K.L.:
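Take this structure first; my questions come after.
The shown structure was predicted, so the numbers you read here are calculated from the model rather than taken from an experiment. Sequential numbering from 1 along the given sequence is applied to the chain's residues.
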Amino acid sequence: MTAPSPVLTRPLGTDDAPALLALYEHLNPGDAVAPLAQARAVLAQPGLTHYGRFQADVLIASCNLAVVPNLTRGGRSYGVIENVVTHAQWRGQHE
């Protein structure tokens with residue numbers, strides 16, 4: 001029996017844009033796909049980090065974290081997590 005490939009979670013970079021756009025088909029099937037240049041620009045946006053979960057170099061899940069500057073709570077920033085998606089093939093599985 002072959003050991004499963006390790007699972008890795010890491011921030012996504014601009015080179016990950018095509019894989020992320022393909023994964024978003026599993027978030028809202030049928031939605032228009034953003035242009036690749038726009039996706040790369042968003043991935044490079046300061047204060048916004050997209051995280052990806054990879055199995056054998058295949059992007060299987062992601063989310064993004066927007067850190068928002070704030071003037072309440074002593075000026076502490078807060079984060080908003082959005083666009084949480086798992087590839088349909090990988091849903092309901094555990095490590």
K.L.:
Enumerate the residue pairs fulfilling ring-ring contact (aromatic ring centres under 6.0 Å, His included) with a member in residues 29-48, sequence neighbours excluded, ordered by first and then second residue.
P.N.:
none
K.L.:
Short question: side chain of Arg91, backbone of Thr86 - any donor-acceptor pair under 3.5 Å?
P.N.:
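Pair found, side chain donor or acceptor close to backbone of Thr86.
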K.L.:
Kindly give the heavy-atom pair with the smallest separation between Leu23 and Ser62, and that separation in Å.
P.N.:
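Distance-wise, the nearest heavy atoms are CD2-OG, 3.5 Å.
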K.L.:
Do Arg76 and Asn70 have side-chain heavy atoms sitting under 4.5 Å apart?
P.N.:
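No. Closest side-chain heavy atoms not under 4.5 Å.
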K.L.:
Applying side chain to side chain contact (heavy atoms under 4.5 Å, CB included), name anything that partners Ala34, two or more places apart in sequence or on another chain.
P.N.:
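Expected list: Leu21, Gln38.
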K.L.:
Other hydrophobic cluster members with Val67, side-chain heavy atoms of Ile/Leu/Val/Met/Phe/Trp/Tyr under 4.5 Å, chained?
P.N.:
Tyr51, Leu65, Ile81, Val84
K.L.:
Using side chain to side chain donor-acceptor pair (under 3.5 Å) as the criterion, list what pairs up with Asn83, not counting sequence neighbours.
P.N.:
none
K.L.:
For residues 20-45, which residue pairs pass the salt bridge (charged side-chain N to carboxylate O under 4.0 Å, His left out) check, not counting sequence neighbours?
P.N.:
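Residue pairs with at least one partner in residues 20-45: there are none.
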K.L.:
State which residues pass ring-ring contact (aromatic ring centres under 6.0 Å, His included) with His26; sequence neighbours excluded, sorted by chain then number.
P.N.:
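Partners of His26 under the ring-ring contact (aromatic ring centres under 6.0 Å, His included) test: His87.
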K.L.:
In the hydrophobic cluster built from side-chain contacts under 4.5 Å, what are the other members alongside Val80?
P.N.:
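Members alongside Val80: Val68, Tyr78.
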K.L.:
Taking only distance into account, with no hydrogens and no angle test, what donor-acceptor pairs under 3.5 Å do side-chain atoms of residues 8-18 form with protein atoms, sequence neighbours excluded?
P.N.:
unit_1 : atom_1 : unit_2 : atom_2 : d
Thr9   : OG1    : Arg53  : NH1    : 2.7
Arg10  : NH1    : Asp16  : OD2    : 2.9
Arg10  : NH2    : Asp16  : OD1    : 3.0
Asp16  : OD2    : Gly13  : N      : 2.8

K.L.:
Once rounded to the nearest 0.5 Å, what's the spacing between atom OG1 of Thr49 and atom CG of Asn64?
P.N.:
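Rounded to the nearest 0.5 Å, the OG1-CG separation comes out at 9.0 Å.
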K.L.:
Can you list, by chain and residue number, the hydrophobic cluster partners of Leu48 when the side-chain cut-off is 4.5 Å?
P.N.:
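Direct or chained contacts put Leu48 with Val42.
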K.L.:
Remaining members of Leu71's ILVMFWY cluster at a side-chain heavy-atom cut-off under 4.5 Å?
P.N.:
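ILVMFWY cluster around Leu71 holds nothing else.
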K.L.:
Answer yes if Leu43 and Val85 sit in the same cluster of Ile, Leu, Val, Met, Phe, Trp and Tyr residues linked by side chain heavy atoms under 4.5 Å apart, and no otherwise.
P.N.:
yes
K.L.:
Between CD1 of Ile60 and CD of Gln55, what distance do you get to the nearest 0.5 Å?
P.N.:
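Between Ile60 CD1 and Gln55 CD, I get 5.5 Å after rounding to 0.5 Å.
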